Amino acid sequence: MSTKPDLLVVSPWYSAAMAELDAHFTVHKLWEADDKAGLLASIADRCEAIAGSSVCGADIMDALPRAKVIAHHGVGYDGVDVKAATERGIKVSNTPDVLSDEVADFALGLLLATCRRIPQADRYVRAGRWESDGDMPFTKRVHGRKVGILGLGRIGIEIARRCEAFKMDIAYHTRGPKDVPYTYYGDLVSMARDVDFLIAIVPGGAGTRHMVNRQVLDALGPEGVLVNVARGSVVDEAALIEALKEGRLGAAGLDVFDKEPKVPQALKDMTENVVLQPHQASATHDTRLAMGRLVMENALAGIAGKPLITRVN
Ligand code: A2R
């Protein structure tokens, strides 16, 4: 019989990182099981660790009463019922820091792509329009503009540093001011009114749901650009679609959506002022490997009764 501890994996992540789990655990893949209840029942008497990249509710915790740790893959853990875990004495971890630079790189890339219309220009060349129609219409300058960052945590600060390199005037909105050389706004609408670009990088969940609403989008205005690398839930998607359609908002670069991987057709139809990405801000080989290893280390620590490396509860 194997001496390796059991690990229930609820939902998968980067395959190369997951392959490393086998050296340390007997891995049970819930998302592949036809009989999920049967799988849970078969390991209920011994499985002490749960891991996953999307949701983990009280039902799974109750099915594994010996669980000591839920090692979540991702910095945002809004899919994990942390309250239920805490009530059951289960420690929860996430994967912060190792992805901050990656997400910040991507945020700037998405801002550039949206303002300079890089995907649209690629399509323009491929369609032969450079030859038939001549030069493309001019685009919007990025450097030197005013940017407002919604959320100035581990990732937000890296976005701000990159914006400094682009000689931008930097503002931010959080619940409280930070010790940083950027302009603090206690009111999101006021910040949106004063900036050219709004980059959202707050956590998801009830506290930030629809923070970027019609009022904020209207304050950003017809020349304004929204970049969302946070969570789909942070933006009122219906209000965003209306604002873009009616020209009350200039453009949007979106990596996250309300009902991923489903993206509203209205957003897909707006090919000129919207850049869409499949939630890939942290998705490089290097970063996803680092995130996967952090999941593994947290799960091992949890089973051993040691402090988790990146505990959230
Ligand atoms: O509000 P503060 O001072 O705690 O600042 C945090 C801010 N934040 C909020 N700002 C305004 N209204 C809120 N209701 C609110 N809740 C949180 O978001 C802080 O500056 C920032 C979060 O920073 P960290 O916890 O360090 O998160 P990290 O690693 O930057 O990741 C942010 C999110 C993830 O949760 C994923 O959903 C997404 O980025 O990829």
Side-chain angles (χ1 to χ4, degrees), residues 13-14 52-56 70 72-82 92-111 147-163 170-192 195 198-213 215-216 219 226-237 253-260 277-284 287-288 290-291 294-295 298 308-313:
W13 54 92
Y14 181 38
S53 57
S54 56
V55 292
C56 184
I70 297 170
H72 177 70
H73 181 280
V75 59
Y77 47 88
D78 36 307
V80 179
D81 190 339
V82 178
V92 178
S93 62
N94 64 342
T95 59
D97 298 316
V98 292
L99 48 55
S100 297
D101 281 313
E102 209 72 82
V103 175
D105 284 358
F106 192 82
L108 268 290
L110 193 48
L111 178 65
V147 63
I149 305 174
L150 168 55
L152 201 74
R154 290 165 296 227
I155 302 172
I157 197 77
E158 290 303 332
I159 293 175
R161 290 194 179 122
R162 283 157 179 76
C163 290
I170 301 165
Y172 68 101
H173 169 71
T174 52
R175 288 167 298 186
K178 317 283 173 208
D179 184 18
V180 291
Y182 313 128
T183 309
Y184 177 70
Y185 283 80
D187 177 48
L188 179 55
V189 175
S190 304
M191 182 172 84
V195 299
L198 178 65
I199 302 179
I201 189 63
V202 280
T208 58
R209 188 174 160 73
H210 289 189
M211 270 189 95
V212 179
N213 56 18
Q215 221 189 338
V216 173
L226 172 72
V227 168
N228 189 6
V229 283
R231 282 286 186 265
S233 61
V234 172
V235 175
D236 181 343
E237 220 166 59
L254 307 170
D255 188 43
V256 287
F257 304 89
D258 227 4
K259 296 188 175 65
E260 297 172 11
Q277 294 290 304
H279 198 155
Q280 61 136 338
S282 70
T284 64
T287 288
R288 286 294 169 91
M291 289 167 69
L294 191 48
V295 170
N298 275 306
L308 303 192
I309 298 137
T310 47
R311 187 172 173 176
V312 300
N313 65 342

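Read the numbers this way: they start at 1 and go in the same order the structure lists the ligands and their atoms. No experiment lies behind these values; they were computed from the predicted model shown.
At least one side-chain heavy atom of Ile159 sits less than 4.5 Å from a side-chain heavy atom of Leu108. You'll find the side chain of Met211 stays beyond 4.5 Å of the side chain of Val216, heavy atoms only. Within the 4.5 Å cutoff, the side chain of Leu198 has heavy atoms near those of the Leu188 side chain. The side-chain heavy atoms of Asn228 and Val212, taken from C-beta on, include no pair separated by under 4.5 Å. Ser233 is listed as a side-chain neighbour of Asp258, based on a closest heavy-atom distance under 4.5 Å. Counting heavy atoms from C-beta outward, Ile155 and Leu99 have side chains that approach closer than 4.5 Å. Between Met291 and Tyr14 the shortest side-chain heavy-atom distance does not fall below 4.5 Å.
At a 3.5 angstrom cut-off on N or O pairs, Ile155 counts as close to ligand 1. Ligand 1 has no nitrogen or oxygen under 3.5 angstrom from a nitrogen or oxygen of Ser100. For a threshold of 3.5 Å applied to N or O pairs, the pair formed by Val75 and ligand 1 contains no separation below that value.
Ranking protein heavy atoms by distance to atom 4 (O) of ligand 1, first place goes to Arg175 NH2, 2.9 Å. Given atom 39 (O) of ligand 1, the protein heavy atom at minimum distance is Ile201 CD1, 3.2 Å. Scanning the protein heavy atoms around atom 6 (C) of ligand 1, the nearest turns out to be Thr174 CG2, 4.3 Å. Atom 14 (N) of ligand 1 has Gly207 O, 3.4 Å as its closest protein atom, hydrogens excluded (heavy atom only). Nearest protein heavy-atom neighbour of atom 8 (N) of ligand 1: Val202 CG1, 3.7 Å. In this structure, the protein non-hydrogen atom closest to atom 2 (P) of ligand 1 is Lys178 NZ, 3.5 Å.
The residue from Ser233, Gly153, Ala206, Pro203 that puts a heavy atom closest to atom 18 (O) of ligand 1 is Pro203. One option in Val312, Leu150, Val229 has a heavy atom closer to atom 40 (O) of ligand 1 than any other, and that option is Val229.
Tyr172 has its ring centre no less than 6.0 Å from the ring centre of Tyr185.
Below 4.0 Å from some heavy atom of Gly176 lie the following atoms of ligand 1, by number and element: 3 (O). When each atom of ligand 1 is checked for a heavy atom of Met211 under 4.0 Å away, the hits are 11 (C), 12 (N).
The number of heavy atoms from other shown groups lying within 6.0 Å of CD (Gln215) does not exceed 12.
Arg161 pairs by the salt bridge (charged side-chain N to carboxylate O under 4.0 Å, His left out) definition with Glu158, not counting sequence neighbours.
Contacts between Arg154 and ligand 1 below 4.0 angstrom, taking non-hydrogen atoms only, involve backbone and side chain alike. When heavy-atom distances to ligand 1 are checked against a 4.0 Å cut-off, Ala230 comes that close only through its backbone atoms N, CA, C and O.
Within the 4.0 Å heavy-atom shell around ligand 1 one does not find Val103.
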